[in-house]
S.K.: 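A single structure is presented below for examination.
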Amino acid sequence: MKNRRPTSAGAARFVPTCSTRVESRICAPAWKPVTLRPSSTEDWTPSSKRASSRDCRRVTDDRDDNKLIAERRKKLDALREQGNAFPNDVHRNALADELHATYGGHEAEHLVEEDVEVAVAGRMLVKRVMGKASFIKLQDRSGQIQVRVERDRLPEGTYAGFKRWDVGDILMAGGSLFKTQTGELTVMADEIRLVTKSLRPLPEKWHGLSDQEIRYRQRYVDLIMNESSREIFLKRSAIVQYMRAFLDSQDFLEVETPMMQVTPGGAIARPFSTHHNALDMQLYLRIAPELNLKRLVVGGFERVYEINRNFRNEGVSTQHNPEFTMMEAYRAYADYEDWMNSTEAMLRGMASAVNGDTLVNYQGEEYDFGKPFKRMTVEEVILHFNPDLDAAKLRDRGYLVGVCEQLGIPVKDGYGEGKLQIEIFEKTGEDNLREPTFVTQYPTEVSPLSRENDDDPFVTDRFELFIAGREIANGFSELNDPEEQAARFRAQAANRDAGDDEAMAFDHDYIRALEYGMPPTAGIGIGIDRLVMLLTDSPSIRDVLLFPHMRPEVFD
RNA sequence: GGGGCGUUAGCUCAGAGGUAGAGCAUUCGGCUUUUAACCGACUGGUCGUAGGUUCGAUCCCUACACGCCCCA
């Protein structure tokens, strides 16, 4: 494996730090159930301001001649005639799920006696008109609530207007709670407003939206229609929150380091380049934050971490997105074994917190995060999956070249024994590492930033964590000998001169920083996107990215 | 970069070398406790794009675009 922090791919940057109700502005730990306070800070102001002149602008768009949209535009035109078609004086005092939680268990008669007045708002996803009365369902960020709309309970003319509203429109309804004959908690509306007109029809109510391309390109439609998709991104947020809380509780400092770098470093990967006009210079988007984070350890921030985007100019696949999210953490006075232990503890706690179980089901397989993770060296993995190989010759270049040829692995002149081992490991081992497994003792040759093992300088004090055949984390004791690091950079530079455009550049300032002295330190990188895939049973990285990279859509 | 599959109404999907179909949605009518509400009537299409073969192509062929999957 190349010396990158998790090869994690893809990621979405949308990482809300607070999953509690926005209104309350109170963040709860992700792994605790979020409690919703009934009738909290959202008050409902039933007044509606009358239209100002600016609202009478007629905005028409004749680009789309779709009948369904044209019909809705006409309805919007009528709304503009009547006043402000896009009011912003709408307030609610209840969320759907909070009402179900609080009143769902109440007896129907009891509920009537209580006379609970609520104001709800959301997108109308169901509309059933039965003459002079109707049932609708509104969806807010918490869930759905049914509303009964009766002509004779509303001001004159309101019901006639309501009948012209469309599924997809955003409404506000005020009234008291009751239960229908089948026991469904429902709001009996004595006020109802069309708050925002929707011009585009939603997908069909039963099959929903299944077209993958539209789900990715128009994520907003996917989020409206597919609860499973909403759940993935809620869980993604909970995962990141758990990780932050885990690190914060151990006194780690969260930092942000540059995305734009003069010398991209910290990983072996192809960068994106860009140009700074005022300075007239080429800049690169970072491929990893590693070197900057270790500069901070030199500076005395002994425990730091960053959760942010990396960019790698490589292929796009179910496992790779050009920009992806990585957590990197560095801890002074610790070694790679400490990081294996805390990584294991963190993932165990995370699985319980996020999924309620240490058993993780992924694509038909089950992995128990509750059991101790396996630990094997690179050479042990190679021998385990290639039992015919001669253990005594695993560091014999000629022998390894022969093995590679047998396996159909192209061998380049510059490859040493370590690189050849890793090629064999990747070809025959990685996919088969299903149960959570720490693979240790990566060859020094492919680990230019890792500390050599004291007993065996052929390898470094480094590990990668594999789950379901995929690299989830990469960590090591950091190389803090500036002269050794300079020699490693020179070796990389030689590779670069030999035509390897992924090889690391010599970073003079990083060497200078190490020359001031970096305490013994160990670091880790965890690919957030792949972790989210694992914990949400998602087969493609695009499923866990809100806006995955796509070729541009053609609008004609 | 290579290979396979796909692209038909707003959505979910059928379809066959001879002027294009269903369900839902829309529109109109009916209906005051529905649950994919129901009943009746209507409407809706450059069949991804561009060429080619053919008397005739949405269907066959080629290229391209976009997507999904696999491989490098």
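Everything numeric here is computed off the predicted structure, so don't read it as measured data. Below, chain A is the first sequence line, B the second, and so on; all start at residue 1.
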S.K.: Does the B:rU32 base have a donor-acceptor partner in the side chain of A:Arg148 within less than 3.5 Å?
M.R.: yes

S.K.: Is there a Watson-Crick or G-U wobble partner for B:rC64 with both distances under 3.5 Å, and if so, which one is it?
M.R.: B:rG48

S.K.: Under the side-chain contact (heavy atoms from CB on, under 4.5 Å) test, which residues partner A:Leu359, sequence neighbours left out?
M.R.: A:Asp357, A:Glu366, A:Asp368

S.K.: When you measure only distances, ignoring hydrogens and angles, does the side chain of A:Gln181 come within 3.5 Å of the base of B:rU34 through a donor and an acceptor?
M.R.: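 No, the side chain and the base share no sub-3.5 Å donor-acceptor pair.
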
S.K.: Could you tell me which residues satisfy ring-ring contact (aromatic ring centres under 6.0 Å, His included) with A:Phe463, sequence neighbours excluded, listed by chain and number?
M.R.: A:Phe438

S.K.: Test for a donor-acceptor pair under 3.5 Å between the base of B:rU35 and the side chain of A:Glu184, counting only N and O atoms.
M.R.: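 Yes, a donor-acceptor pair under 3.5 Å.
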
S.K.: For atom P, what is the distance between B:rA22 and B:rC5, given to the nearest Å?
M.R.: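 Roughly 30 Å separates the two P atoms.
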
S.K.: So, are A:Glu423 and A:Lys419 salt-bridged, with charged N and O less than 4.0 Å apart?
M.R.: yes

S.K.: In whole Å, what is the span from the CD atom of A:Glu553 to the P atom of B:rC66?
M.R.: 12 Å

S.K.: Starting from C1' on B:rA36, measure out to NZ on A:Lys205 and report it in whole angstrom.
M.R.: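 Between C1' of B:rA36 and NZ of A:Lys205: 5 Å.
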
S.K.: State whether the distance check finds a donor on one side and an acceptor on the other, under 3.5 Å, for side chain A:Ser210 versus base B:rU12.
M.R.: no

S.K.: From CD of A:Gln212 over to C1' of B:rC13, roughly how many Å is that when rounded to an integer?
M.R.: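 Rounded to whole Å, this separation is 16 Å.
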
